[in-house]
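Note that the coordinates shown come from a computational prediction; the quantities given were computed from them, not determined experimentally. Counting begins at 1 with the first residue of the sequence. Counting starts at 1 for both ligands and their atoms, following the listed order.
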Amino acid sequence: MSQARPTVLVVAAVIVEHGRVLVTQRMPGSHLAGAWEFPGGKVEQDEDPRDALVRELREELGVEVEVGAILDVAFHRYPGKSVLILFYEAHRRPGSPAPAVIDVAALQWRTGAELVDQDFPPADASILATVRRLLEGEAVPASP
Ligand code: DGT
């Protein structure tokens with residue numbers, strides 16, 4: 001029998017406010033420590049991915065969000081594991097607290113010009129291009 005190494009399902013949020021997107025920095029000691037990313041995390045067994053994203057954003061940043069459409073999907077193999085990442089558009093609900101540094105190393109609101117590929121995991125290359133277009137006001141093609 002081959003060794004079971006299931007693909008990890010990950011959800012991440014693209015939250016845009018006032019022409020900037022919210023990005024967070026991974027905790028020291030975690031996989032890809034210090035990298036910037038779109039906030040989110042692993043989907044638990046039998047969990048609806050949208051519910052997972054609401055849960056992760058509450059845990060990491062203390063925000064309440066409404067999850068919208070999928071903007072992109074990325075598959076990436078790391079040594080030892082592979083991940084399938086669903087990137088969703090999300091919006092803070094009216095009355096939600098502002099994001100706070102709770103279970104992330106840092107947070108920033110970045111413009112398109114500040115979204116530098118080198119700061120992010122390689123798995124994020126495609127979504128970064130999509131978000132830059134989004135921030136520059138171009139129409140983003142619907143997901144396939
Ligand atoms: P933990 O630490 O076991 O509780 O795990 P979670 O649920 O916080 O999930 P996390 O963030 O460790 O796993 C996400 C994986 O996806 C990790 O290997 C990094 C990878 N990844 C690549 N790009 C992104 C991104 O833009 N956002 C997120 N959240 N993860 C990304």
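Near Tyr78, with a cut-off below 4.0 Å to any heavy atom, the atoms of ligand 1 are 20 (C), 22 (C). Here is the list of ligand 1 atoms found below 4.0 Å of a heavy atom in Pro121: 22 (C), 23 (N). Every atom of ligand 1 is numbered from 1 in the order shown, and the set under 4.0 Å from a heavy atom of Ala12 is 27 (N). Heavy-atom contacts of Gly40 reach the following atoms of ligand 1: 29 (N) (cutoff under 4.0 Å). Those atoms of ligand 1 with a heavy atom of Leu32 less than 4.0 angstrom away are 19 (C). Distances below 4.0 Å separate heavy atoms of Lys81 from the following atoms of ligand 1: 17 (C), 18 (O). Interface of Val10 with ligand 1, defined as ligand atoms under 4.0 Å from a residue heavy atom, comprises 14 (C), 15 (C), 16 (O), 30 (N).
Expressed to the nearest 0.5 Å, how far CZ of Phe87 lies from CG of Leu71 amounts to 9.5 Å.
A salt bridge does not link Arg132 to Glu136: none of the charged nitrogens lies less than 4.0 Å from a carboxylate oxygen. A salt bridge does not link Arg92 to Glu66: none of the charged side-chain nitrogens sits closer than 4.0 Å to a carboxylate oxygen. Salt-bridge check for Glu56 with Lys42: failed, with every basic side-chain N at 4.0 Å or more from each acidic carboxylate O.
Residue Glu60 places no N or O, backbone or side chain, under 3.5 Å from any N or O of ligand 1.
Heavy-atom distances between Glu56 and ligand 1 reach below 4.0 Å in at least one pair. Residue contact annotation: Phe87 has a non-hydrogen atom under 4.0 Å from ligand 1.
Two different hydrophobic clusters hold Val8 and Met27 under the rule that ILVMFWY side chains link at heavy-atom gaps under 4.5 Å. By the criterion of side-chain heavy atoms lying less than 4.5 angstrom apart, applied directly or through intervening Ile, Leu, Val, Met, Phe, Trp or Tyr residues, Val43 is grouped together with Phe75 in one hydrophobic cluster.
The protein heavy-atom contact nearest to atom 31 (C) of ligand 1 is Glu37 OE1, 3.6 Å. Among protein heavy atoms, atom 18 (O) of ligand 1 sits closest to His31 ND1, 2.6 Å. From the protein, the heavy atom lying nearest to atom 29 (N) of ligand 1 is Phe38 O, 3.3 Å. Among protein heavy atoms, atom 26 (O) of ligand 1 sits closest to Asp124 OD2, 2.6 Å.
Screening Arg110, Gln25, Gln108 for a side chain to side chain donor-acceptor pair (under 3.5 Å) involving Asp119 leaves a single residue, Arg110.
Shown here, atom 12 (O) of ligand 1 is in close reach of the protein: a heavy atom of it lies under 4.0 Å off.
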* To do: Starting from the C-alpha separation in whole Å, work towards a yes-or-no answer on side chain to side chain contact (heavy atoms under 4.5 Å, CB included) for Leu115 and Leu135.
  => CA-CA 10 Å; Leu115 287 183; Leu135 293 174; 4.2 Å; yes
* Asked: Would Val54 and Asp51 count as a side chain to side chain contact (heavy atoms under 4.5 Å, CB included) if you check the C-alpha gap in whole Å, the side-chain angles of each, and the deciding distance to 0.1 Å?
  -> CA-CA 5 Å; Val54 169; Asp51 293 342; 5.5 Å; no
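With Thr24, Ile85, Leu128, Val104 as candidates, the residue nearest to atom 22 (C) of ligand 1 on a non-hydrogen basis is Ile85. Summarising the contacts of atom 3 (O) of ligand 1 with Lys42, Arg26, Met27, the nearest heavy atom is found in Lys42.
Counting heavy atoms from C-beta on, the side chains of Ile15 and Leu57 come closer than 4.5 Å.
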Give the table of side-chain donor-acceptor pairs shorter than 3.5 Å for residues 96-107, with sequence neighbours excluded, one pair per line with atom names and distance.
{"residue": "Ser96", "atom": "OG", "partner": "Glu64", "partner atom": "N", "Å": "3.0"}

